[in-house]
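Treat the numbers as computed from the prediction; the structure is a model and nothing was measured. All residue numbers in this chain count up from 1 along the given sequence.
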Amino acid sequence: MAIAAAISLSLPPQTRRSSASIASPFRSTSSLHFDSLRSNFSSLKNPNLRVSASSMSIGTPEKISTTSFLDRRESGFLHFVKYHGLGNDFILVDNRDSTEPRVTPEQAVKLCDRNFGIGADGVIFAMPGVNGTDYTMRIFNSDGSEPEMCGNGVRCFARFIAELENLHGKQSFTVHTGAGLIVPEIQEDGKVKVDMGEPILKASDVPTKLPANKDQAAVKADINVDGVTWNVTCVSMGNPHCVTFGNRQSQNLTVDELNLAAIGPKFEHHEMFPARTNTEFVEVFSHEHLKMRVWERGAGATLACGTGACAVVVAAVLEGRAGRSCTVDLPGGPLDIEWKEEDNHVYMTGPAEVVFYGSVAV
């Protein structure tokens with residue numbers, strides 16, 4: 001079914017009311033119409049953000065042209081598509097006509113708010129390529145910070161580009177990111193395989209202040225977090241990751257039992273990580289099957305983290321816990337990760353799906 005709703009979001013300092021249309025790609029043979037549906041909010045957490053619904057209709061997707069929707073260029077409106085990769089969700093913005101993001105980090109925070117905004121883990125901008133690449137990808141996290149890269153985000157980015165350029169079938173292109181060159185390839189089944197490049201293992205380049213203990217890398221190193229000594233391996237996939245399989249009290253984690261909201265921020269802001277860090281807690285099922293939960297730098301607990309899954313497999317290999325090709329279970333679903341010995345690159349394969357289309361006043 002296709003959903004169209006009128007929504008008003010006001011992002012600038014002054015409060016204003018306007019409309020936003022949202023369309024979902026899901027199919028249905030039914031048609032419903034909700035007329036004069038109105039919702040007024042006299043008191044909101046953010047007084048500069050207003051949401052109101054004036055009408056909603058549900059019909060078939062044939063009534064909505066995604067191409068014409070994405071081609072809209074009304075001044076004062078930001079047209080976007082919301083995607084998710086295993087539940088790690090993003091607001092995708094067509095920014096190919098400018099090297100400056102169309103919204104500020106402060107506006108991104110409001111857009112990502114799950115109660116008073118659109119709701120997302122980040123805002124991703126499709127921008128012109130540089131240095132010979134096809135495109136540039138930038139992202140603002142839900143807290144307004146800008147990470148170097150995002151694995152689930154780059155899969156969503158690839159599907160977004162395919163829609164913008166009306167590409168079909170197997171496609172590949174080059175993307176400039178803060179982590180360097182990334183090459184996503186859309187597969188025939190719609191999944192996206194991404195060459196994530198080589199992992200960075202040198203401790204000072206991750207970066208971490210933990211002393212290197214194996215070929216300049218911090219592997220199974222001790223770190224004290226809130227009075228507990230954890231064993232961690234530090235890996236950068238262009239962004240920093242701290243991977244742990246256990247601590248002195250529990251050598252083998254059962255990740256579902258972790259209080260992630262309590263322990264995650266203590267790792268993220270630990271003094272051993274000068275640029276803060278993403279943290280992955282890992283449970284080993286077999287040599288080819290791992291399970292992880294993640295606390296993401298700047299986003300908190302998320303349902304999936306692509307660069308994190310890559311870092312987990314690298315760490316598992318370095319610690320002798322798993323092979324180079326693994327399925328990694330995340331709360332949002334599985335990713336297939338391979339760390340190839342022949343080129344030292346890490347490859348990630350997983351889904352990316354449209355959630356809905358929308359417009360917001362900016």
Side-chain angles (χ1 to χ4, degrees), residues 145-151 177-182 195-253 255 258 263-284 287 290 292-298 305-326 328 337-348:
S145 61
E146 182 172 3
E148 299 86 350
M149 228 285 289
C150 174
T177 74
L181 175 66
I182 299 294
D195 179 352
M196 301 289 287
E198 298 185 54
I200 298 168
L201 301 178
K202 186 178 179 181
S204 58
D205 292 341
V206 170
T208 178
K209 294 180 181 179
L210 288 171
N213 57 8
K214 183 178 180 181
D215 298 328
Q216 300 186 71
V219 178
K220 214 171 183 180
D222 288 346
I223 184 172
N224 186 288
V225 180
D226 201 27
V228 176
T229 300
W230 294 78
N231 304 125
V232 302
T233 293
C234 298
V235 179
S236 172
M237 293 303 307
N239 55 351
H241 292 270
C242 172
V243 181
T244 181
F245 297 86
N247 54 53
R248 287 187 180 174
Q249 285 73 35
S250 177
Q251 291 295 317
N252 299 300
L253 289 178
V255 295
L258 288 170
I263 191 66
K266 294 174 182 178
F267 273 89
E268 178 185 357
H269 298 281
H270 198 283
E271 62 182 359
M272 289 294 102
F273 304 108
R276 297 190 292 163
T277 190
N278 303 282
T279 309
E280 288 76 33
F281 301 87
V282 191
E283 185 173 349
V284 179
H287 214 55
L290 309 172
M292 63 171 269
R293 292 178 67 193
V294 60
W295 182 268
E296 289 198 50
R297 179 187 60 166
C305 176
T307 55
C310 294
V312 160
V313 172
V314 171
V317 171
L318 293 175
E319 292 194 21
R321 298 176 183 270
R324 287 179 171 266
S325 183
C326 294
V328 181
I337 308 295
E338 183 179 10
W339 184 17
K340 286 190 175 181
E341 197 164 8
E342 50 265 41
D343 63 4
N344 199 39
H345 285 217
V346 181
Y347 295 83
M348 169 191 63

Item to complete: Could you please spell out the steps behind the side chain to side chain contact (heavy atoms under 4.5 Å, CB included) verdict for E283 and N252?
Response: CA-CA 7 Å; E283 185 173 349; N252 299 300; over 6 Å; no

SB check E296 R276 (cutoff 4.0 Å): no

Nearest non-hydrogen partners of [X] and [Y], listed with the distance:
| X | Y | answer |
| --- | --- | --- |
| P207 | P240 | CD-CB, 4.3 Å |
| V255 | R293 | O-NH1, 2.9 Å |
| C150 | T307 | C-CG2, 4.3 Å |
| V206 | L201 | CG2-O, 4.2 Å |
| V312 | E280 | CG2-CB, 3.6 Å |
| W339 | N344 | NE1-OD1, 3.0 Å |

Is there side-chain contact between [X] and [Y], with heavy atoms separated by less than 4.5 Å?
| X | Y | result |
| --- | --- | --- |
| V294 | T279 | no |
| F273 | E268 | no |
| V346 | V313 | no |
| H270 | I223 | yes |
| F245 | V284 | yes |

Going from [atom1] on [X] to [atom2] on [Y], what distance comes out if it is rounded to the nearest 0.5 angstrom?
| X | Y | atom1 | atom2 | answer |
| --- | --- | --- | --- | --- |
| M237 | M196 | CE | CE | 5.0 Å |
| L258 | I263 | CG | CD1 | 8.5 Å |
| C234 | I200 | SG | CD1 | 13.0 Å |
| S236 | M149 | OG | CE | 10.0 Å |
| S325 | H287 | OG | NE2 | 11.0 Å |
| N278 | N239 | CG | CG | 5.5 Å |

Using the rule given for salt bridge (Lys or Arg N to Asp or Glu O under 4.0 Å), can you reason through E148 versus R297, listing the C-alpha separation, both sets of side-chain angles and the distance that settles it, and then say yes or no? CA-CA 11 Å; E148 299 86 350; R297 179 187 60 166; 2.6 Å; yes

Would you tell me whether [X] and [Y] have side-chain atoms, one donor and one acceptor, within less than 3.5 Å of each other?
| X | Y | value |
| --- | --- | --- |
| E319 | T233 | yes |
| D222 | N231 | yes |
| T277 | H241 | no |

Without swapping roles, check the side chain of K209 against the backbone of S204 for a donor-acceptor pair under 3.5 Å. no

- Taking D215 for the side chain and A217 for the main chain, is one N or O donor matched with an acceptor at less than 3.5 Å? no

Steps toward side chain to side chain contact (heavy atoms under 4.5 Å, CB included) verdict (V232, L210): CA-CA 10 Å; V232 302; L210 288 171; 3.7 Å; yes

Next on the checklist: Between F267 and W230, is the ring centroid distance below 6.0 Å?
Outcome noted: yes

*Might you work through the side chain to side chain contact (heavy atoms under 4.5 Å, CB included) test for T229 and N247, ending with a clear yes or no?*
CA-CA 6 Å; T229 300; N247 54 53; 6.0 Å; no

*asked:* Cation-pi check for Y347 against K340: NZ or CZ below 6.0 Å from the six-membered ring centre and within 45 degrees of the axis, yes or no?
replied: yes

request  = Evaluate whether atom CD of E341 has more than 12 neighbouring non-hydrogen atoms of other residues, nucleotides or ligands under 6.0 angstrom away.
outcome  = no

